[in-house]
Amino acid sequence: MHFLYIIHSAKIDRYYVGETADAEFRLNLHNQHYFSQSFTKAAKDWELKLIFKTSNREDALVLEKFVKRMKSRVFIEKIINKPEILSDILSKK
């Protein structure tokens, strides 16, 4: 089991999209700046906005790449409000 996750920082008002096997653990790593070269080092107040379960890592990566390619805050917020969009994307892969 794998997850697509979206986190948000109020401090910098930005979203970050990633994939992981453990979203809560990954959130803690982002807030502790474990990933020193990562975009998320810009803030320490990351909050989970969405956790979407997938059956495998490949599906989580497909979703992560799709969302990141969109480069759209509006699209990310739409996904947060209607996560079923992600199921639709996977059904068309």
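Numbers here simply count residues along the sequence, with the first being 1.
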Task: Members sharing Tyr34's hydrophobic cluster (side chains within less than 4.5 Å) - done: Phe25, Leu29, Phe35

Task: All side-chain contact (heavy atoms from CB on, under 4.5 Å) counterparts of Tyr15, not counting sequence neighbours - done: Ile6, His8, Lys49, Arg73, Ile76, Glu77, Ile80

- [ ] Any chance you could measure His30, atom NE2, to Lys44, atom NZ, to the nearest 0.5 Å?
- [x] 15.5 Å

Task: Point-to-point distance, once rounded to the nearest 0.5 Å, from CZ of Phe66 to CD1 of Ile89 - done: 4.0 Å

Open item on the list: Please find the pair of heavy atoms, one from Thr40 and one from Trp46, that lie closest to each other, and give the distance.
Closed with: O-NE1, 2.9 Å

Task: Arg57: partners by salt bridge (charged side-chain N to carboxylate O under 4.0 Å, His left out), with sequence neighbours left out - done: Glu19

Task: Nearest-0.5 Å distance that lies between atom CD in Gln32 and atom CG in Leu27 - done: 9.5 Å

- [ ] Determine which pairs satisfy salt bridge (charged side-chain N to carboxylate O under 4.0 Å, His left out) with at least one residue from residues 20-36, sequence neighbours left out, and list them in order.
- [x] none

Task: Connected via hydrophobic side-chain network under 4.5 Å: Ile51 and Leu63 - done: no

TODO: Report the residues that fulfil salt bridge (charged side-chain N to carboxylate O under 4.0 Å, His left out) with Lys78, sequence neighbours left out, ordered by chain and then residue number.
DONE: none

- [ ] For Lys53, check side-chain contact (heavy atoms from CB on, under 4.5 Å) against everything at least two apart and list the hits.
- [x] Met1, Phe3

TODO: To the nearest 0.5 Å, tell me how far Asp45 CG sits from Ile12 CD1.
DONE: 7.5 Å

Task: Close side-chain approach of Phe52 and Leu90, heavy atoms under 4.5 Å - done: yes

Open item on the list: Tell me which one of Ile7, Leu86, Val17, Asn81 satisfies side-chain contact (heavy atoms from CB on, under 4.5 Å) with Leu50.
Closed with: Leu86

TODO: For Thr54 and His2, indicate whether the former's side chain and the latter's backbone hold a donor-acceptor pair under 3.5 Å.
DONE: yes

Open item on the list: Would a single hydrophobic cluster contain both Leu48 and Phe39, if residues Ile, Leu, Val, Met, Phe, Trp and Tyr are joined by side-chain heavy-atom contacts under 4.5 Å?
Closed with: yes

Open item on the list: Please give me the minimum heavy-atom distance between Tyr5 and Thr20, naming the atom from each residue.
Closed with: CD2-CG2, 3.7 Å

